[in-house]
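Each remark here refers to the structure printed beneath this line.
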Amino acid sequence: QEAAVAGLLAAAAKLNPWDEVGILCFDDKADWILPFTPVGDGKEIQSAVRKISAGGGTELATGLAAAIRGFAGAEAVRRHMVIVSDGMTISADFAALCRRLQEMRVTITTIGVGYDINESLLRDLAVMGEGEFYRADQARLPQVIVAETFRVTRELIQEDIFTPVLRIPADFLGGLPD
């Protein structure tokens, strides 16, 4: 848990102030400890991660259903969720939940932590969610979270040569070449 908190804080520091972050904790129930909010100066994220505590069992379906409700109506260009879990959960229709997230243009990355993980399920969720799967021990977890954040945000940057096109004449454009 401490490693996950460190990773969240380090990842948030790499984001732009206007990027949005939400933090959903789940065990046998799901709780948004930080509804989607702009990163800003990061103080809200720091405050929220202090609320993370260990709970009961892990019901991934409950977490995914809560994520679907949380992402509903979001206008973001890119929507991505990172699941940090051992993947030990009760059976559910994960394919249907992932399809619903995919319809909402949400991608899923999973990070398996712990000595005994359900790697098959976590890999499947990442594949269905068009994301990545990582296995990380406690020492590497912060670096994996930061690397995944960088990977996802880097995909938003498009570097290319483009030709601007004048669509609406404006006085302040006077003197510029055609």
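No hydrogens, no waters, no symmetry mates; every other heavy atom, side chains included, goes into these values. Only a predicted model underlies this, so the values are computations on that prediction, with no experimental measurement involved.
Put simply, CG on Asn118 and CZ on Arg123 are 11.5 Å apart, with the number rounded to the nearest 0.5 Å. Remark: Thr109 OG1 to Glu130 CD distance equals 11.0 Å, nearest 0.5 Å. Met88 contributes atom CE, which lies 9.0 Å from atom CG of Leu122 (distance to the nearest 0.5 angstrom). Rounding to the nearest 0.5 Å places OG1 of Thr58 at 5.0 Å from CG of Asp86. Distance check: Cys25 SG to Asp31 CG gives 7.0 Å after rounding to the nearest 0.5 Å.
In terms of heavy-atom proximity, Ala3 sits nearest to Pro142 at O-CG, 3.4 Å. The nearest pair of heavy atoms linking Ala92 to Ala61 is CB-CB, 3.5 Å. Between Ile117 and Gly112, the shortest heavy-atom distance links the atoms CD1-CA, 3.9 Å. A pairwise comparison of heavy atoms in Thr149 and Ala11 identifies OG1-CB, 3.2 Å as the closest pair.
Here the side chains of Arg135 and Ile111 are not in contact, with every heavy-atom distance at 4.5 Å or above. Side-chain contact between Asp19 and Asn16 is present, with heavy atoms from C-beta onward closer than 4.5 Å. In this structure, the side chains of Val39 and Ile45 come closer than 4.5 Å at one or more pairs of heavy atoms. Side-chain atoms of Val127 and Leu125, non-hydrogen and from C-beta on, never get closer than 4.5 Å to each other. Using a 4.5 Å heavy-atom cutoff, the side chains of Cys98 and Ile108 are in contact. For the pair Phe26/Ile83, a side-chain contact is recorded, criterion being any heavy-atom separation below 4.5 Å from C-beta on. The shortest side-chain heavy-atom distance between Met128 and Gln102 does not fall under the 4.5 Å cut-off. Using a 4.5 Å heavy-atom cutoff, the side chains of Ile90 and Glu59 are in contact.
Taking the side-chain hydrogen bond (donor to acceptor under 3.5 Å, both in side chains) definition, one finds that Thr107 meets it with His80, sequence neighbours left out. With sequence neighbours excluded, no residue satisfies side-chain hydrogen bond (donor to acceptor under 3.5 Å, both in side chains) with Arg69. By the side-chain hydrogen bond (donor to acceptor under 3.5 Å, both in side chains) test, Gln143 is found to be paired with no residue, residues two or more places apart in sequence or in another chain being considered. Every salt bridge (Lys or Arg N to Asp or Glu O under 4.0 Å) that Glu148 has, sequence neighbours left out, goes to Arg151. The side chain to side chain contact (heavy atoms under 4.5 Å, CB included) check on Ala96 picks up Asp93, Arg99, with sequence neighbours excluded. Contacts of Glu44 classified as side-chain hydrogen bond (donor to acceptor under 3.5 Å, both in side chains), with partners at least two apart in sequence or in another chain: none.
Hydrophobic clustering (ILVMFWY, side-chain heavy atoms < 4.5 Å, transitive): Ile145 and Leu24 are in distinct clusters. Phe71 and Val82 end up in different hydrophobic clusters when Ile, Leu, Val, Met, Phe, Trp and Tyr side chains are linked at under 4.5 Å. Cluster membership check: Phe94 shares its hydrophobic cluster with Val106, using side-chain heavy-atom separations under 4.5 Å among Ile, Leu, Val, Met, Phe, Trp and Tyr. In the hydrophobic clustering of ILVMFWY residues, with side-chain heavy atoms under 4.5 Å counting as a link, Leu8 and Val146 come out apart. Under the 4.5 Å side-chain heavy-atom criterion for Ile, Leu, Val, Met, Phe, Trp and Tyr, Leu9 and Leu34 are members of the same hydrophobic cluster.
A donor-acceptor pair under 3.5 Å is formed between the side chain of Asp27 and the backbone N or O of Lys29. Side chain of Ser47 to main chain of Lys43: no donor-acceptor pair is present (N/O by atom type, distance under 3.5 Å, no hydrogens or angles). A donor-acceptor contact shorter than 3.5 Å links the side chain of Arg79 to the backbone of Met104.
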Criterion side-chain contact (heavy atoms from CB on, under 4.5 Å) on Phe133 and Glu119, from CA distance to verdict: CA-CA 9 Å; Phe133 165 76; Glu119 186 169 328; 3.5 Å; yes
Verdict with reasoning, Asp137 to Val113, per side-chain contact (heavy atoms from CB on, under 4.5 Å): CA-CA 6 Å; Asp137 59 22; Val113 293; over 6 Å; no
side-chain contact (heavy atoms from CB on, under 4.5 Å) between Val21 and Ile23, worked out: CA-CA 7 Å; Val21 171; Ile23 302 173; 4.2 Å; yes
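Checked against Tyr134 for a side-chain contact (heavy atoms from CB on, under 4.5 Å), the options Thr110, Val144, Leu141 give a single hit: Val144.
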